[in-house]
Amino acid sequence: MTRGNVEVSLNFRQQVEMWVARIPYGQVATYGELAALSGQAAAARIVGGIAHYGDPTLPWHRVVNRFGGLASGFPGGREVQATLLNTEGVPCDENHTIINFEAHRWRPLL
DNA sequence: CGAGTGACCGCAA
DNA sequence: ATTGCGGCCACTC
């Protein structure tokens, strides 16, 4: 409600998209993390919905589940997402899971 | 305008 | 160890 504070007035979707846009090159974040950063830790599922219907220009390929596994509905398939991450220096195994996931995980507090 | 669905997460049998 | 279920918000049909 704080008129001077823009973040509070933004909706959940807006905040999620903002956080996704802030994910740096070569790092990844989880749906739950983005949901928590947006104020609703239990709304991780909504983040997936936003990824599907939201702004496609955002780096959604840097968003994965808590296990470091790639998304199932990524445009082009998980193979494409794995290739994109690999290009950024984030290797994935044959199971479409990020290798050394914790090491590449983005830390907003950092 | 109402209801269903979704690229998830955490906990309980 | 695996399976099943509830919860949250936004968007589509």
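Everything numeric in this text was worked out from a predicted model, so none of it was measured. In what follows, chains are A, B, ... by sequence order, proteins preceding strands, each numbered from 1.
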- Name the closest nucleotide to the Pro75(A) side chain, picking from dC9(B), dA7(B), dC8(C). dA7(B)

- Item | Heavy-atom side-chain contact between Val90(A) and Arg62(A) under 4.5 Å | no

- Task: Identify the two heavy atoms, one from Tyr31(A) and one from Val63(A), that lie closest to each other, and give their separation to 0.1 Å.
- Result: CE2-CG1, 3.5 Å

- Task: Round to the nearest Å and state the distance from Asp55(A) atom CG to dA7(B) atom C1'.
- Result: 16 Å

- Earlier contact from the 5' end, DNA chain B, for Ile46(A) and Val64(A): Ile46(A)

- Task: Specify the separation, in whole Å, of atom CD1 of Ile50(A) and atom C1' of dC8(C).
- Result: 11 Å

- Is any side-chain N or O of Arg13(A) closer than 4.0 Å to OP1 or OP2 of dC9(C)? no

- Could you state the CZ-P distance from Phe67(A) to dT2(C), rounded to the nearest angstrom? 11 Å

- Item | Per Ala44(A) side chain, nearest of listed nucleotides dA7(B), dC9(B), dC8(C) | dC9(B)

- Task: Return the nearest nucleotide to the side chain of Asn11(A); candidates are dG6(B), dA7(B), dA10(C).
- Result: dA10(C)

- Item | Spacing between Arg62(A) atom CZ and dA7(B) atom C1', to the nearest angstrom | 17 Å

- Taking only the side-chain nitrogens and oxygens of Arg66(A), find out if one of them lies under 4.0 Å from OP1 or OP2 of dC9(B). yes

- Could you tell me the separation between the CD1 atom of Ile98(A) and the C1' atom of dA7(B), rounded to a whole number of Å? 14 Å

- Which nucleotide in dG10(B), dC8(C), dA7(B) has an atom nearest any side-chain atom of Trp60(A): dA7(B)

- Base, sugar-phosphate, or nothing for Phe74(A), non-hydrogen atoms under 4.0 angstrom? base

- Item | Atom-pair distance (OH on Tyr53(A); P on dG6(B)), nearest Å | 8 Å

- Whole-angstrom distance between dT5(B) and dC5(C), as gauged at atom P: 15 Å

- Heavy-atom side-chain contact between Met18(A) and Ser38(A) under 4.5 Å: no

- 4.5 Å side-chain heavy-atom contact, Leu84(A) and Trp60(A): no

- For Phe12(A), report the nucleic acid contact type (base, sugar-phosphate, nothing); a contact means any heavy atom under 4.0 Å. sugar-phosphate

- Query: Mind checking whether Phe74(A) and His61(A) have parallel, tilted or perpendicular rings, split at 30° and 60°?
  - Reply: perpendicular

